[in-house]
Amino acid sequence: MAVRRRTDVGEGRAAVARALAAEVPEAADLRTACRYLCEELASRAPGRSVEVRVPPYAAVQAIAGPRHTRGTPPAVIETDPVTWLGLATGRVSWEEALASSAVSASGERTDLAPFLPLA
């Protein structure tokens with residue numbers, strides 16, 4: 001099943017570019033960029049075994065494996081918007097983000113390194 005995108009691809013890419021170019025990204029650009037990049041992850045790594053959360057802007061289920069349907073998912077990745085932007089664009093490595101505790105990852109299949117960068 002194809003991932004349903006809520007963010008226009010062109011708008012998402014433009015928001016990513018603006019957010020990366022800014023010293024302090026505008027909230028609207030950061031929101032759009034995070035949503036677009038989460039949708040991109042879900043399209044490249046389809047599935048529902050891992051929930052990726054970027055509060056307060058985005059959350060997506062991705063990665064093939066057992067499907068999560070109720071309650072707290074068994075596999076959760078959570079990070080802040082600026083870290084997610086860095087991870088998804090290759091400016092921050094998965095290992096660096098984990099080591100610095102900028103990312104919280106618990107459960108099986110929570111290594112995003114094979115799927116990053118996205119943009």
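Values reported hereafter were calculated over all heavy atoms of this structure, with side chains retained and with hydrogens, waters and symmetry mates removed.
Taken from CG in Leu87 to OG in Ser93, the straight-line distance is 8.0 Å, to the nearest 0.5 Å. Here the CD atom belonging to Glu39 is positioned 11.5 Å from the SG atom belonging to Cys34, to the nearest 0.5 angstrom. For the atom pair Arg18 CZ and Thr32 OG1, the distance stands at 7.5 Å (nearest 0.5 Å). With rounding to the nearest 0.5 angstrom, the CG atom of Leu20 is 4.0 Å from the CZ atom of Arg91. The distance from the OG1 atom of Thr7 to the CZ atom of Arg13 is 12.5 Å, given to the nearest 0.5 Å.
Under the side-chain contact (heavy atoms from CB on, under 4.5 Å) criterion, Glu78 pairs with Arg53, Pro55, sequence neighbours left out. Under the side-chain contact (heavy atoms from CB on, under 4.5 Å) criterion, Glu26 pairs with Asp29, not counting sequence neighbours.
Without hydrogens or angle criteria, Thr79 side chain to Ala102 main chain gives a donor-acceptor distance under 3.5 Å. A donor-acceptor pair is defined here as one N or O able to donate and one able to accept, closer than 3.5 Å; no such pair exists between the side chain of Glu11 and the backbone of Asp8. In this structure, Arg35 contributes its side chain and Tyr57 its backbone to a donor-acceptor pair below 3.5 Å.
Of all non-hydrogen atoms in Ala97 and Ser100, the two that sit nearest each other are O-OG, 3.2 Å. Of all heavy-atom pairs spanning Ala19 and Pro25, the tightest one is O-CG, 3.6 Å. Closest approach of Ala75 to Ser49, counting heavy atoms only: CB-O, 3.4 Å.
You'll find the side chain of Asp80 stays beyond 4.5 Å of the side chain of Val54, heavy atoms only. Side-chain contact between Trp84 and Leu41 is present, with at least one heavy-atom pair separated by less than 4.5 Å. Looking only at side-chain heavy atoms (C-beta outward), Val50 and Val76 stay at 4.5 Å or farther from each other.
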Do any side-chain atoms of residues 108-119 form donor-acceptor pairs under 3.5 angstrom with protein atoms, and if so which ones, sequence neighbours left out?
{"residue": "Arg109", "atom": "NE", "partner": "Ala64", "partner atom": "O", "Å": "3.4"}
{"residue": "Thr110", "atom": "OG1", "partner": "Gly107", "partner atom": "O", "Å": "3.1"}
{"residue": "Asp111", "atom": "OD1", "partner": "Trp94", "partner atom": "NE1", "Å": "3.2"}
{"residue": "Asp111", "atom": "OD1", "partner": "Ala113", "partner atom": "N", "Å": "3.0"}

